[in-house]
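Take a look at the structure below.
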There are 2 protein chains.
Amino acid sequence: MARKTGSHSQITGPKIQEAALQLFARHGYAAVSMRQIASEVGVQAGALYNYVPDKQTLLSQLLVDHMQALLAALDELPVAPDPKAALEQFVRHHILYHVPRPDEVFISYMELRNLTPDNHARVAALRQDYEGRLAIVLQAGVSAAQFRVPDAKIASYAIIALLTGVVNWFDPNGRLSAQGVADEYWQMVAQLVGLQVANGGDT
Amino acid sequence: MARKTGSHSQITGPKIQEAALQLFARHGYAAVSMRQIASEVGVQAGALYNYVPDKQTLLSQLLVDHMQALLAALDELPVAPDPKAALEQFVRHHILYHVPRPDEVFISYMELRNLTPDNHARVAALRQDYEGRLAIVLQAGVSAAQFRVPDAKIASYAIIALLTGVVNWFDPNGRLSAQGVADEYWQMVAQLVGLQVANGGDT
DNA sequence: GTCTATAGTGCGATAGAC
DNA sequence: GTCTATCGCACTATAGAC
């Protein structure tokens, strides 16, 4: 153990991603230096460039990976029988996927402006794909006269913002588990779209 | 006109604030240099230090000013007769105040982590004061059995996030005016807290 | 694959002339 | 109040030894 130098290609790569993710989330992309990332990983700055072409690509890769994984997880859910079930599924998926990954969520919203235009376009397209899924569900519910919202597109923005806000206050050691939070948010979203909800979630 | 040098103390100060606000919002605090701000204002970098002690204070002042103005505007509203009216007032105030000020909103959420601990504490206290007003309204409505939400505190987080998200998509040249957006969001928030809402807002 | 060393650039902030 | 000039430092990315 504790040898100072050597080959670690299997280990160093992922460690760079993790360290960059954490540092970017905590201090912001522009405020974090490659030296800081290297220090966190336990190598010298120059060694990073065996794994990453440059700092911009490192950020871009983190965001693309996150959005792709989020979409892939959504695609693995079973098909819901009706708009209400589809909406509940989306709400629970969004919260349960995001809550354990606050750093990814943070940089995915905060660091878009530090992407070069082409990288920004790739991430924005993935985001639009994801958010569009919710808009489709809402539109279906409105068309079926099951939901009542002023505008399906605007409601989708509102619901995404509401759900994503969870990561700003969620505390893993707090009163509520992620499941409990998902239960409460589902009640609020159900009411938001005009569904009648049974009283306060007794078991 | 067009003289190159001279005294402009009445003009330069505010111009620095404006330029810094815009640049911080667009590129992030850490990514913006004092030279860029100076260039936007039309002076050399050194001249900024006649108005601002340092870059950190410049950021901090922008955030504190924004939160204080937001709270002051809230305090000027008339006292609402009941929780429903108070909630509607808060929703409309929040949207109508924020929508014309997207840059302030942006940096107030994004640049908190670039504040020194003492500056952060000042801004966080102001934010907590503001958001607490909504929590109080919600709690009052729940106690009076007029609202139905799983938890007043969590509902306040959800509603703040939902409302603030407006600045991410609002387009001054779009279909809806700020007033129209406020109308639609009020309907959604009213439903979210379990109020029965009349159909779609026909005039 | 990692190291050391460094080229080349830009930064925040200050000093002193006008 | 603004300018020019500059100090001292940190940065990204590369080069070449091991």
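Note on naming: letters A, B, ... go to the chains in the order of the sequence lines (proteins, then strands), and numbering restarts at 1 for each one. Scope of the values below: all heavy atoms of this structure, side chains included, with no hydrogens, waters or symmetry mates.
Considering only the side chain of B:Y51, D:dT2 comes nearest among D:dT2, C:dG1, C:dG12. Of the candidates C:dG1, C:dA13, C:dC11, C:dA13 carries the atom nearest the B:Y49 side chain, counting heavy atoms from C-beta on. When each of C:dG12, C:dT2, D:dT2 is scored by its nearest atom to the side-chain atoms of B:A47, the top-ranked nucleotide is D:dT2. The side chain of A:T12 approaches C:dT2 more closely than any other nucleotide in the set D:dA13, C:dG12, C:dT2.
With rounding to whole Å, A:L58 atom CG is found 10 Å from D:dA13 atom P. The NZ-C1' distance, from B:K55 to C:dA13, rounds to 12 Å in whole Å. At whole-Å resolution of the value, NZ in B:K15 and C1' in D:dT2 are 13 Å apart. Rounded to whole Å, the distance from CE on B:M34 to P on D:dT4 is 17 Å. The distance between atom CG of A:L48 and atom C1' of D:dC11, rounded to the nearest whole Å, is 13 Å. A straight line from OH of A:Y29 to C1' of D:dC11 spans 12 Å, rounded to a whole angstrom. Summarising the geometry, the separation between CD1 on A:I37 and C1' on D:dA10 is reported as 15 Å, rounded to the nearest angstrom. As rounded to whole Å, 5 Å separates atom P of D:dA13 from atom CG of A:D54.
With salt bridges taken as basic N to acidic carboxylate O contacts below 4.0 Å, one links A:R127 and A:E131. The pair A:R26-A:D103 does not count as a salt bridge, with every side-chain nitrogen at least 4.0 angstrom from each carboxylate oxygen. A salt bridge does not link A:R122 to A:D118: none of the charged nitrogens lies less than 4.0 Å from a carboxylate oxygen.
Between B:F170 and B:V181 the shortest side-chain heavy-atom distance falls below 4.5 Å.
The side chain of B:S33 places no N or O atom within less than 4.0 Å of a non-bridging phosphate oxygen (OP1 or OP2) of C:dG10.
Nearest-nucleotide assignment on DNA chain D puts the 5′-proximal partner with A:Q36, out of A:Q36 and A:G46. In this structure, B:Q44 and A:P53 both approach DNA chain D, and ranking their closest nucleotides by distance from the 5' end singles out B:Q44.
Among the heavy atoms of the strands lying under 4.0 Å from A:V32 are primed sugar atoms or P, OP1, OP2 only; no base atom is included.
At distances below 3.5 Å, at least one donor-acceptor pair connects side-chain atoms of A:Q56 with backbone N or O atoms of A:N114.
Contact of B:R35 with C:dG12 (side chain to base): a donor-acceptor pair of N or O atoms is detected under 3.5 Å.
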